[in-house]
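Below, chain A is the first sequence line, B the second, and so on; all start at residue 1.
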Number of protein chains: 2
Amino acid sequence: MAQARSMRADARRNRELLLEAAVEAFAAHGEGASLDDIAKRAGVGSGTLYRHFPTRQALLEAAYVDRIESIAERAGELAERLPPGEALVEWLNELGAGMLRIRGLRALLGAAVGDGGTECCDPLKSAVSRLVGAAREAGVLRRDVEPVDVLRLAHGVATASELAGGEGTQIRRYLELLMTGLRARGAP
Amino acid sequence: MAQARSMRADARRNRELLLEAAVEAFAAHGEGASLDDIAKRAGVGSGTLYRHFPTRQALLEAAYVDRIESIAERAGELAERLPPGEALVEWLNELGAGMLRIRGLRALLGAAVGDGGTECCDPLKSAVSRLVGAAREAGVLRRDVEPVDVLRLAHGVATASELAGGEGTQIRRYLELLMTGLRARGAP
DNA sequence: ACCTGAACACCGTTCAAGT
DNA sequence: ACCTGAACACCGTTCAAGT
């Protein structure tokens with residue numbers, strides 16, 4: 001999907017309007033919000049939505065790409081300020097909070113660590129790889145755990161806290177349980 | 001929903017046909033299978049489906065109620081044969097395998113430990129309560145973890161392994177990580 | 001008392017016609 | 001090159017008419 005200057009002015013404007021409407025709609029009605037409704041609220045024909053974003057997944061990705069990048073950037077800041085183990089936990093905590101606050105982000109990460117994975121969550125994968133690498137070298141992480149395992153489990157933990165209905169108080173507890181398991185030496 | 005003898009013979013038969021079709025459809029197309037299709041395959045009108053099962057959730061529950069009970073019963077057998085900690089892990093492993101094998105069971109447990117909870121998963125809640133209680137008394141489980149936390153985390157772990165696309169090899173690893181965290185003494 | 005199936009509303013997706 | 005919106009297919013849900 002071309003996103004560059006090469007778009008006609010009205011096309012670029014429509015794309016922007018669609019994204020604004022999408023962010024609003026996903027926040028209000030979850031990741032399953034009506035696409036037709038999004039087009040209507042953006043003031044464009046439904047065909048225009050499909051021209052810009054051929055699938056729901058593509059729209060979700062475009063709507064949240066900047067959030068994903070800002071979460072990924074936090075990894076660097078935390079790595080500077082905290083020891084490796086704590087930096088990883090803290091980052092997972094922020095990632096989890098983001099998944100609870102921004103509806104649809106969890107679905108996006110889920111697809112990324114599954115088989116429907118696109119490149120949109122690559123910044124998160126790079127971030128967790130760096131944090132996991134550092135934690136391993138510091139000896140606070142078992143060596144048989146891959147970065148992608150950590151993302152999957154973080155996704156699972158976010159699911160668990162969403163089920164608990166909490167606003168982020170549960171996720172900290174669950175992450176600490178998980179981290180204790182990750183810290184222990186590998187199974188025989 | 002009356003399920004007793006009080007139903008007319010044709011009603012009881014239709015109910016049975018609907019359940020068979022539902023189990024098949026959920027297995028083939030996931031928990032979102034078309035209800036209209038289920039009615040057609042059962043050879044009844046769509047209104048009949050709604051008369052027996054007013055919501056998709058009600059149909060899911062009726063379709064899997066016996067599986068749920070048989071998983072719950074396994075808890076007792078395992079508790080007799082194994083020490084408390086191992087019995088809990090083993091049971092969680094079987095529960096997880098069930099969630100991966102039978103599509104829709106995970107959704108059902110998710111609803112049960114969330115706010116949309118009905119009484120259909122109560123056997124599972126009782127089972128985990130007994131196992132957790134025994135493990136606590138044996139001193140192999142931290143005391144600040146509630147049975148419902150364990151179910152939620154098991155649900156999360158099953159989600160994580162489903163994302164991994166495995167057929168039950170990952171879930172064992174993930175459960176062991178989780179169990180290590182559950183075993184450790186409570187946080188300060 | 002229960003069943004049927006037409007009818008309605010809603011949503012996703014496509015595409016011919018328009019600028 | 002891009003947009004529009006009518007058209008189509010599909011699904012969930014209701015309800016008047018039938019037995």
Side-chain angles (χ1 to χ4, degrees), chain A residues 1-63 103-104 107-108 111 116 118, chain B residues 1-63 103-104 107-108 111 116 118:
Chain A
M1 167 62 41
Q3 189 184 344
R5 297 267 141 192
S6 59
M7 268 194 286
R8 229 166 60 176
D10 57 342
R12 208 157 62 232
R13 169 130 185 84
N14 279 339
R15 191 176 189 282
E16 217 50 49
L17 288 170
L18 279 166
L19 282 179
E20 282 171 32
V23 167
E24 244 181 89
F26 288 141
H29 308 113
E31 52 171 293
S34 157
L35 296 182
D36 204 58
D37 198 56
I38 290 175
K40 270 205 189 70
R41 280 170 191 276
V44 306
S46 50
T48 304
L49 188 151
Y50 284 92
R51 161 170 285 270
H52 284 286
F53 311 102
T55 66
R56 177 184 296 273
Q57 184 73 11
L59 182 57
L60 270 170
E61 289 176 12
R103 299 166 77 164
L108 220 50
T118 54
Chain B
M1 170 60 42
Q3 187 184 342
R5 297 267 140 191
S6 58
M7 266 193 286
R8 230 167 58 178
D10 57 343
R12 207 157 64 231
R13 169 131 185 84
N14 280 338
R15 191 177 189 280
E16 218 49 51
L17 288 170
L18 279 166
L19 281 179
E20 281 171 33
V23 167
E24 246 181 87
F26 288 141
H29 308 113
E31 54 171 289
S34 156
L35 296 182
D36 204 58
D37 198 57
I38 291 175
K40 271 205 190 69
R41 280 170 190 277
V44 305
S46 50
T48 304
L49 188 151
Y50 285 92
R51 162 170 285 270
H52 284 286
F53 311 102
T55 65
R56 176 184 297 274
Q57 184 72 12
L59 182 57
L60 270 170
E61 289 175 13
R103 300 167 75 165
L108 220 50
T118 55

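- Within residues 42-49 of chain A, the residues approached by DNA chain D to less than 4.0 Å at the level of any non-hydrogen atom are Gly43(A), Val44(A), Gly45(A), Ser46(A), Gly47(A), Thr48(A), in residue-number order.
- One interatomic measurement links the two molecules: CG of Leu60(B) to P of dG12(D), which rounds to 12 Å at whole-angstrom precision.
- Tested against Asp10(B), the residues Arg12(B), Arg8(B), Arg13(B) include a single side-chain hydrogen bond (donor to acceptor under 3.5 Å, both in side chains) partner, Arg8(B).
- At dC2(D), none of the side-chain N or O atoms of His52(A) fall inside 4.0 Å of OP1 or OP2 (strictly under the cut-off).
- Summarising the geometry, the separation between CD1 on Ile38(A) and P on dC11(C) is reported as 11 Å, rounded to the nearest angstrom.
- Counting only heavy atoms from C-beta on, Leu35(B) has its side chain closest to dT13(D) among dT13(D), dC2(C), dC11(D).
- For Ala33(B) against Ala25(B), the heavy-atom pair with the smallest separation is CB-O, 3.7 Å.
- Between atom NE2 of residue His52(B) and atom CD of residue Glu16(B) there is a gap of 10.0 Å, rounded to the nearest 0.5 Å.
- Atoms CZ (Arg56(B)) and P (dT13(D)) sit 8 Å apart, rounded to a whole Å.
- Within 4.0 Å of Asn14(B), counting heavy atoms only, lie sugar-phosphate atoms of the nucleic acid but no base atom.
- Rounded to whole angstrom, the span from the CZ atom of Arg15(B) across to the P atom of dA1(C) amounts to 18 Å.
- Contact annotation: Arg51(B) side-chain N/O to dC2(C) OP1/OP2 distance is under 4.0 Å.
- Contact record, Ser46(B) with Ala39(B): CA-CB, 3.9 Å, taken as the closest heavy-atom pair.
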Query - Strand DNA chain D as a dot-bracket string - pairs counted if Watson-Crick or G-U with both distances under 3.5 Å, | where the partner lies in another strand - result: ||.|||||...|||||.||
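- In this structure, the side chain of Arg56(B) engages the main chain of Glu31(B) through a donor-acceptor pair within 3.5 Å.
- Partners of Ala42(A) by side-chain contact (heavy atoms from CB on, under 4.5 Å), not counting sequence neighbours, listed by chain and number: Leu17(A), Leu18(A), Ala21(A), Val44(A).
- Atom NE2 in His29(B) sits about 17 Å away from atom C1' in dG12(D), given to the nearest Å.
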Requested in this report: List the steps, then state whether side chain to side chain contact (heavy atoms under 4.5 Å, CB included) holds for Glu61(B) with Phe53(B).
Outcome: CA-CA 10 Å; Glu61(B) 289 175 13; Phe53(B) 311 102; over 6 Å; no
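- Of the candidates dC3(C), dG12(C), dT13(D), dC3(C) carries the atom nearest the Asp10(B) side chain, counting heavy atoms from C-beta on.
- Rounding to the nearest 0.5 angstrom, the gap separating the CD atom in Glu24(B) from the CG atom in Asp37(B) is 10.5 Å.
- Closest contact between the side chain of Asp36(A) and the listed nucleotides dC2(D), dG12(C), dC3(C) involves dG12(C).
- Here the side chain of Arg8(B) is nearest to one of dA1(C), dT13(C), dG12(D), namely dA1(C).
- Protein atom CG of Asp37(A) is 7 Å distant from nucleotide atom P of dC11(C), rounded to whole Å.
- Between the P atom of dT4(D) and the OH atom of Tyr50(A) lies a distance of 15 Å, rounded to the nearest Å.
- Here the straight-line distance linking atom CG of Asn14(B) with atom CG of Leu19(B) works out to 11.0 Å at 0.5 Å rounding.
- Nucleotide dA6(C) holds its C1' atom 12 Å from the NZ atom of Lys40(B), rounded to whole Å.
- The shortest side-chain heavy-atom distance between Leu108(A) and Gln57(A) falls under the 4.5 Å cut-off.
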